[in-house]
Amino acid sequence: MNVLNVAVAGLGTVGRETVRLLRARRAELKERLGAELRLVAVADRAAEREARALGLAASVVRYRDPLDMARRAEADLFVELLGGLETPKRFALEVLGRGKALVTANKRLLAHAWPEITGAARTGGARLAFEGSVAGGIPVLRALDLSFSGDRVLGIDAILNGTTNYILSRGEEGLSPEAALKEAQHLGFAEKDPSMDLSGQDAAQKLTVLAGLVTGGWLKPGSFPVAGIEPVTARDLSFARERLGMAARLVASLRFTGKPGAPAVEAAVTPTLVPLGHPLAAVRRQYNALLVHTASAGDLMFYGQGAGAGPTASAVLADVFVLARDIRGGLPAAAAAARRLILTSPDHTVSSFYLRLEVLDRPGALARIADALADAGVSIAAIHQDPVSGRRSVPVMIVTHPAERGRFERARKRIMSLASVKPSHCAMRMMA
Ligand code: HSE
């Protein structure tokens, strides 16, 4: 089978980006898969107009009704990006009932219809993947599904909602919740109705998906405590930071107990104060993160963008690829192609540098060091010399302005050859 046919339902921002990537990366995907992923159908209320705007070939069949496409399209793999609940549910059940592979990024569908959707996949012997439904571009569902197969997931503490994290972390910078929400809406990751975000319900739906993936069971929406960030004020944020050394985050937590075959779970979504040194406190703005606690591998942190067309389409396309490889068989990319790897030089990479030298306390010593940097085109941003106290050498710390690594290295070599500089020194790249 050298072609796998793909049909996409829903040409909103994520659907359009998925189609765009599918076409833009066609050659690359074909090479890695050993088969072509061919877009054969799209469904959207404005299918004709969207298809034209995307420049799709006339051979790509346009459906106005996604259910029509689910019943009739000659596709091996269907992608559901419709949004909402009832139509996506009927679409998914139809596709899975036909035994076809389904990729969806619809957390609401999965949270509310988990038993029906997974049941239909089981009955139809159909493949199902939903990486984009939780934490957008972070490839954590595949990790939870596969990477801990030899381990046990004990629990998850996660920031799963970008809007509330944006409001809380911008609040720490002094912005009001109303202004921060406006920014989040402008940036496009707050839901149309932000009450789902603010009340914790969006994070709760994602928690249901995570619990289902880890246990196979249904953590029913409404069956566990969910609280939002509405009561958190600027006063709470500043008191927590200044007096308690803590930051407020909307944390969604799962603790898995029970035995194999009889899983049990404790679940909650709640505004939580975390110490400023805690990894979740470092998650700011629209970023999401999942701290996964496991029995053998210990704690692992997954971090990235949880929403937006690019991150979500990346997850959707990864699902398409993985299911396609599952249908077709094949090797991981690293084993599939034997290639000569071209090594490029990092000498043009630009950053600031820190350089600590041990310099003999002699007239002109610093001038020669400064000359070496200047001749290489590296500019000094700061220089510090410890007071000399009868020692023959003195530590000198230099911080440069951003410079090419190659230039800095040239200067460093010349500095190390100076008679007034001792061999022991320390050079570090500085990240912005
Ligand atoms: N509204 C969600 C968020 C994005 O703010 O994280 C989609 O899941």
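Ligands are counted one by one from 1 in listed order, and the atoms in each one are counted from 1 as well. Not measured: the values here are computed from a predicted model. If you read the sequence from its start, that first residue is 1, and numbering goes on from there.
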Spacing of Arg49 atom CZ and Arg62 atom CZ [to the nearest 0.5 Å]: 13.0 Å
As a test of reading the model: which N/O atoms of the protein lie under 3.5 Å from N/O atoms of ligand 1, and at what distance?
{"from": "ligand 1", "atom 1": "1 (N)", "to": "Phe189", "atom 2": "O", "distance (Å)": "2.8"}
{"from": "ligand 1", "atom 1": "1 (N)", "to": "Glu191", "atom 2": "OE2", "distance (Å)": "2.7"}
{"from": "ligand 1", "atom 1": "1 (N)", "to": "Asp197", "atom 2": "OD1", "distance (Å)": "2.8"}
{"from": "ligand 1", "atom 1": "5 (O)", "to": "Asn161", "atom 2": "ND2", "distance (Å)": "3.4"}
{"from": "ligand 1", "atom 1": "5 (O)", "to": "Gly162", "atom 2": "N", "distance (Å)": "3.3"}
{"from": "ligand 1", "atom 1": "5 (O)", "to": "Thr163", "atom 2": "N", "distance (Å)": "2.9"}
{"from": "ligand 1", "atom 1": "5 (O)", "to": "Thr163", "atom 2": "OG1", "distance (Å)": "2.7"}
{"from": "ligand 1", "atom 1": "5 (O)", "to": "Phe189", "atom 2": "O", "distance (Å)": "3.1"}
{"from": "ligand 1", "atom 1": "6 (O)", "to": "Gly162", "atom 2": "N", "distance (Å)": "2.6"}
{"from": "ligand 1", "atom 1": "8 (O)", "to": "Lys107", "atom 2": "NZ", "distance (Å)": "2.9"}
{"from": "ligand 1", "atom 1": "8 (O)", "to": "Lys206", "atom 2": "NZ", "distance (Å)": "2.8"}

Check this for me, if you would: do Arg98 and Asp76 make a salt bridge, where the nitrogen-to-carboxylate-oxygen distance has to be below 4.0 angstrom? no
So which atom in Ala376 and which in Arg410 form the shortest heavy-atom distance, rounded to 0.1 Å? CA-NH1, 4.2 Å
For residues 303-322, run the donor-acceptor check on the side chains, cut-off 3.5 Å, and write out each pair with its distance to 0.1 Å, sequence neighbours left out.
{"from": "Thr312", "atom 1": "OG1", "to": "Gly308", "atom 2": "O", "distance (Å)": "2.8"}
{"from": "Asp319", "atom 1": "OD1", "to": "Arg142", "atom 2": "NH2", "distance (Å)": "2.5"}
{"from": "Asp319", "atom 1": "OD2", "to": "Phe130", "atom 2": "N", "distance (Å)": "3.2"}
{"from": "Asp319", "atom 1": "OD2", "to": "Glu131", "atom 2": "N", "distance (Å)": "2.7"}

Mark yes or no for whether Asn5, through its side chain, and Glu74, through its backbone, hold a donor-acceptor pair below 3.5 Å. yes
Consider salt bridge (charged side-chain N to carboxylate O under 4.0 Å, His left out). Of Arg23, Arg328, Arg25, Arg26, which one does Glu36 pass it with? Arg26
